[in-house]
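First the structure, in the form of structure tokens, and then the observations on it.
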Amino acid sequence: MRTARRTATRSAMTTYRLVIGLGGGPLLPALSFLGRLPTAMCQLGTLLLVARTSGSLATAGLVGGALAAGQTVGGPYVGRLADRLGQRPVVLAASLLDACAVAALVAAALGRAPTGALVALGAAAGLSVPQIGPLARTRTVALARKAGADERTVGAALSLEGTLDEASFVLGPALVGVAATVAHPAAALALGAGLLAVCGTAFAVHPTARAVAPVRQGAAPVHHGARPRGPYARRGAVHALRASAALQGAMFGACQAGITALTEELGAPGQSGLVYAAMGVMSAAVGLAMASVPPSVSLAARRRAATGAALVFALPLPAVDSLVGLYVTVVVLGSAYAPHLITLFALTERAVPAGRLGESMAYMTSGIIGGQALALAVSGPLAESRGPTAAFAVAVTAAACALALALASRDRDRQDRAGAAPGR
């Protein structure tokens with residue numbers, strides 16, 4: 001068994017080296033990671049900054065909600081523009097615009113600007129997010145397809161991108177927390193604006209941007225080989241994938257509210273960020289291991305397994321009443337998150353034409369953000385009035401709905417296997 005495990009590990013490492021080599025080395029994933037880090041920093045940073053400067057949690061919630069709404073609405077439009085005009089000009093313009101919007105939000109908050117102005121700037125900062133995460137996925141997949149890579153390599157590319165996302169959403173809030181403790185939340189947002197301007201620009205002008213050719217209006221749709229094929233090419237199936245992403249986001253939001261409420265109830269509010277980070281670290285680690293899953297295991301089967309595991313692992317959450325139990329439960333639950341998201345992105349890549357992939361990836365990310373924001377808006381007040389159990393119940397409900405959507409696809413498993421066969 002140890003020999004088989006070592007062989008699988010070596011195989012995964014070899015595949016990841018191939019993925020990193022597609023972009024000419026580690027510079028591209030490093031730039032994409034640093035460029036997407038501000039997205040993970042801005043939500044918490046904005047809440048802390050506005051709460052401190054205005055003295056009002058309600059105002060902070062309004063501005064944070066405007067930021068999340070802007071990200072949810074603006075993401076698909078940025079992705080669509082990148083598909084039509086090319087990633088280089090769109091990411092370059094969006095990165096600089098977003099850096100300016102975040103800097104303006106910081107200046108306005110420090111200057112005690114009225115609530116309306118802060119909300120408008122929060123929305124602007126959300127709308128102009130350059131969507132580096134979704135577009136990095138699109139670019140890496142395009143590089144893999146142009147190089148004639150097999151499905152294992154394409155899957156590893158999506159696993160790597162998923163891990164970078166998870167790492168950014170663990171490190172981002174941690175950086176904000178450190179900056180807020182050592183200096184001021186404004187320092188964290190200023191760092192985010194700088195990363196947007198520098199790393200967003202570098203990602204935009206990287207030579208690999210040419211791998212994703214813009215699709216002109218009126219041109220014939222471009223597909224990845226024989227894609228899209230089978231039932232996943234139906235518009236309803238694509239919407240179901242986006243709904244699954246939103247449900248995953250709802251699990252994030254509800255868990256965040258429940259973790260915060262429970263740690264406060266246990267007299268250890270400072271542990272909430274660490275608990276959430278532990279869940280993210282586990283998710284990232286399992287995401288990297290996804291490259292070892294044999295291609296013979298269909299995407300539909302992986303989706304059902306991930307959502308089933310998420311529901312089983314989430315069921316104990318409402319009964320948790322200790323810090324140790326919370327750590328154990330959420331770390332185990334985190335092991336189901338990355339496999340689910342990586343599989344959803346892989347199914348999306350198969351379901352849409354290449355010329356719509358940037359927009360579709362951005363839709364998925366917007367679904368996660370929107371689902372998280374909506375679940376926070378629902379589970380936060382529930383946790384305040386009825387305790388953490390109510391918030392965790394929202395997470396369990398979202399997991400059950402995600403499993404129901406995945407089970408509805410079981411009759412598509414045969415077509416999915418056919419799509420994964422060599423020579424597709």
Apply side-chain hydrogen bond (donor to acceptor under 3.5 Å, both in side chains) to [X] and list each qualifying residue two or more places apart in sequence or on a separate chain.
X: H206; value: T208
X: S32; value: R36
X: T348; value: none
X: R302; value: none

Donor-acceptor pairs under 3.5 angstrom involving side-chain atoms of residues 277-289: please list them, not counting sequence neighbours.
unit_1 : atom_1 : unit_2 : atom_2 : d
S283   : OG     : E166   : OE2    : 3.1
S283   : OG     : A338   : N      : 3.1

Smallest separation among heavy atoms of [X] and [Y], with atom names:
X: P318; Y: T389; value: O-OG1, 3.2 Å
X: S159; Y: A291; value: OG-N, 4.1 Å
X: Q43; Y: A68; value: OE1-CB, 3.7 Å
X: A383; Y: A257; value: CB-O, 4.2 Å
X: I342; Y: M290; value: CD1-CG, 4.1 Å
X: A108; Y: L121; value: CB-CD1, 3.5 Å

Open item on the list: Measuring from atom CG of L44 to atom CG of L49, what distance do you get when rounded to the nearest 0.5 angstrom?
Closed with: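 So the gap between those two atoms works out to 11.0 Å.
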Open item on the list: Would you compute the distance between atom CG of L92 and atom OG1 of T201 and round it to the nearest 0.5 angstrom?
Closed with: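 If I round to the nearest 0.5 Å, the distance is 5.0 Å.
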Which pairs count as side chain to side chain donor-acceptor pair (under 3.5 Å) when at least one residue sits in [range], sequence neighbours excluded?
range: residues 124-137; answer: D98-S128, R137-D165
range: residues 168-178; answer: none
range: residues 312-338; answer: Q271-Y327

Task: R242: partners by salt bridge (Lys or Arg N to Asp or Glu O under 4.0 Å), with sequence neighbours left out - done: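 Checked R242 against salt bridge (Lys or Arg N to Asp or Glu O under 4.0 Å); zero matches.
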Are side-chain heavy atoms of [X] and [Y] found at a separation under 4.5 Å?
X: E359; Y: Y363; value: yes
X: H340; Y: L344; value: yes
X: S244; Y: R303; value: yes
X: P388; Y: I259; value: no
X: F392; Y: L262; value: yes
X: L241; Y: L405; value: no
X: V78; Y: P130; value: no
X: V330; Y: C255; value: no

[X] (side chain) donor-acceptor with [Y] (main chain) under 3.5 angstrom:
X: T153; Y: A149; result: no
X: T263; Y: T260; result: yes
X: S379; Y: A391; result: no
X: R304; Y: L403; result: no

TODO: Before giving the answer on side-chain hydrogen bond (donor to acceptor under 3.5 Å, both in side chains), spell out for Q256 and Q372 the whole-Å C-alpha distance, their side-chain angles and the decisive distance to 0.1 Å.
DONE: CA-CA 9 Å; Q256 187 174 343; Q372 183 174 10; 3.2 Å; yes
TODO: Carefully, step by step, assess L171 and F33 under the rule side-chain contact (heavy atoms from CB on, under 4.5 Å).
DONE: CA-CA 11 Å; L171 182 59; F33 173 73; 3.9 Å; yes
For residues 191-200, which side-chain donor-acceptor pairs fall under 3.5 Å, sequence neighbours excluded?
none

Side-chain donor-acceptor contacts of residues 55-65 below 3.5 Å, not counting sequence neighbours, with atom names and distances?
unit_1 : atom_1 : unit_2 : atom_2 : d
S56    : OG     : A58    : N      : 3.3
S56    : OG     : T59    : N      : 3.1
S56    : OG     : T59    : OG1    : 3.1

Task: Derivation and outcome, side-chain hydrogen bond (donor to acceptor under 3.5 Å, both in side chains), residues E161 and T140 - done: CA-CA 9 Å; E161 291 297 332; T140 306; 3.3 Å; yes
Open item on the list: Please determine whether side-chain contact (heavy atoms from CB on, under 4.5 Å) holds for the pair L28 and F203, giving the CA-CA distance in whole Å, both sets of side-chain angles, and the decisive distance to 0.1 Å.
Closed with: CA-CA 7 Å; L28 181 61; F203 177 79; 3.8 Å; yes
- [ ] Assess whether side-chain contact (heavy atoms from CB on, under 4.5 Å) is satisfied between D83 and V90, documenting all intermediate values.
- [x] CA-CA 9 Å; D83 287 338; V90 173; over 6 Å; no
Task: Pairs involving residues 154-195, ordered by first then second residue, that meet ring pair (Phe, Tyr, Trp, His ring centres under 6.0 Å) (sequence neighbours left out) - done: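 Sorted pair list comes back empty.
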Open item on the list: Pair E151, R145 - check salt bridge (charged side-chain N to carboxylate O under 4.0 Å, His left out), show working.
Closed with: CA-CA 9 Å; E151 293 303 318; R145 294 296 181 194; 3.0 Å; yes
Task: Verdict with reasoning, S366 to V73, per side-chain contact (heavy atoms from CB on, under 4.5 Å) - done: CA-CA 7 Å; S366 290; V73 173; over 6 Å; no
